[in-house]
Amino acid sequence: MDPTVTTLHGIPTLILPAEGPAVGTELDAGDLVGAALEHGVDLLVVPAVRVAPEFWTLRTGVAGEILQKLVNYRLRLAVVGDITAPVEASTALRDLVRESNRRRDAWFLPDLAALDERLAAGAGA
């Protein structure tokens with residue numbers, strides 16, 4: 001299944017499908033930047049089921065590498081889906097998610113409706 005390119009509240013967006021290579025291991029930060037540039041988008045939406053377990057274990061550095069690379073390219077990330085288990089297993093991850101959700105560069109949201117709501121409220125500008 002191919003990614004979906006759309007515009008959400010004026011923001012060019014690439015939505016990855018639920019099935020495909022794992023983000024963080026099979027797809028790295030460079031792959032995400034490349035996909036964003038190829039499709040001319042500012043926001044990448046990644047289903048939580050596509051995120052590699054290594055991303056959720058902060059000491060691996062996978063999350064930091066991806067988030068930093070996206071920020072460097074002025075790209076935004078929304079991880080959408082249930083991340084309850086990894087968040088409950090790690091205080092550091094819980095803190096990262098909480099702090100990220102206060103900013104505009106990376107969000108961890110339960111579903112696309114929550115992303116739409118956040119963007120509609122002007123948090124995406």
Gap separating the [atom1] atom of [X] from the [atom2] atom of [Y], nearest 0.5 angstrom:
{"X": "D42", "Y": "L8", "atom1": "CG", "atom2": "CG", "answer": "11.5 Å"}
{"X": "E65", "Y": "T60", "atom1": "CD", "atom2": "OG1", "answer": "9.5 Å"}
{"X": "D2", "Y": "L16", "atom1": "CG", "atom2": "CG", "answer": "11.0 Å"}
{"X": "L77", "Y": "L43", "atom1": "CG", "atom2": "CG", "answer": "8.0 Å"}
{"X": "L67", "Y": "D105", "atom1": "CG", "atom2": "CG", "answer": "9.0 Å"}
{"X": "L93", "Y": "I83", "atom1": "CG", "atom2": "CD1", "answer": "6.0 Å"}

Identify whether [X] and [Y] are in the same connected component of the hydrophobic contact network (ILVMFWY, side-chain heavy atoms under 4.5 Å).
{"X": "L115", "Y": "L75", "result": "no"}
{"X": "V51", "Y": "V80", "result": "no"}
{"X": "V46", "Y": "V97", "result": "yes"}
{"X": "V45", "Y": "V49", "result": "no"}

Worksheet item: Does atom CD of E117 have more than 12 heavy-atom neighbours, drawn from other residues, nucleotides or ligands, at distances under 6.0 Å?
Response: no

Fill in: Over 12 non-hydrogen atoms of neighbours within 6.0 angstrom of CD in E19
no

Discussion item. Evaluate D116 against H9 for side-chain contact (heavy atoms from CB on, under 4.5 Å), listing each step before the verdict.
Written reply: CA-CA 8 Å; D116 187 65; H9 300 280; 2.7 Å; yes

Discussion item. Once salt bridge (Lys or Arg N to Asp or Glu O under 4.0 Å) is applied, what residue pairs with a partner in residues 43-60 remain, sequence neighbours excluded?
Written reply: none

Determine the minimum heavy-atom distance between [X] and [Y], stating which atoms define it.
{"X": "A36", "Y": "L44", "answer": "CB-CD2, 4.1 Å"}
{"X": "L58", "Y": "A63", "answer": "CD2-CB, 3.8 Å"}
{"X": "P47", "Y": "P17", "answer": "CG-O, 3.6 Å"}
{"X": "H39", "Y": "P3", "answer": "NE2-CG, 4.4 Å"}
{"X": "R102", "Y": "R118", "answer": "N-NH2, 4.2 Å"}
{"X": "V41", "Y": "P12", "answer": "CB-O, 3.4 Å"}

Item to complete: Please lay out, stage by stage, how L32 and Y73 fare under the test side-chain contact (heavy atoms from CB on, under 4.5 Å).
Response: CA-CA 11 Å; L32 293 174; Y73 280 86; over 6 Å; no

Can you tell me if [X] uses its side chain to pair, donor with acceptor, with the backbone of [Y] under 3.5 Å?
{"X": "S100", "Y": "L96", "answer": "yes"}
{"X": "T13", "Y": "I11", "answer": "yes"}
{"X": "N101", "Y": "L109", "answer": "no"}

Worksheet item: Any side-chain heavy atom of L70 within less than 4.5 Å of one from V33?
Response: yes

Item to complete: Quick one: do V79 and V23 satisfy side-chain contact (heavy atoms from CB on, under 4.5 Å)? Show the steps, please.
Response: CA-CA 10 Å; V79 175; V23 172; over 6 Å; no

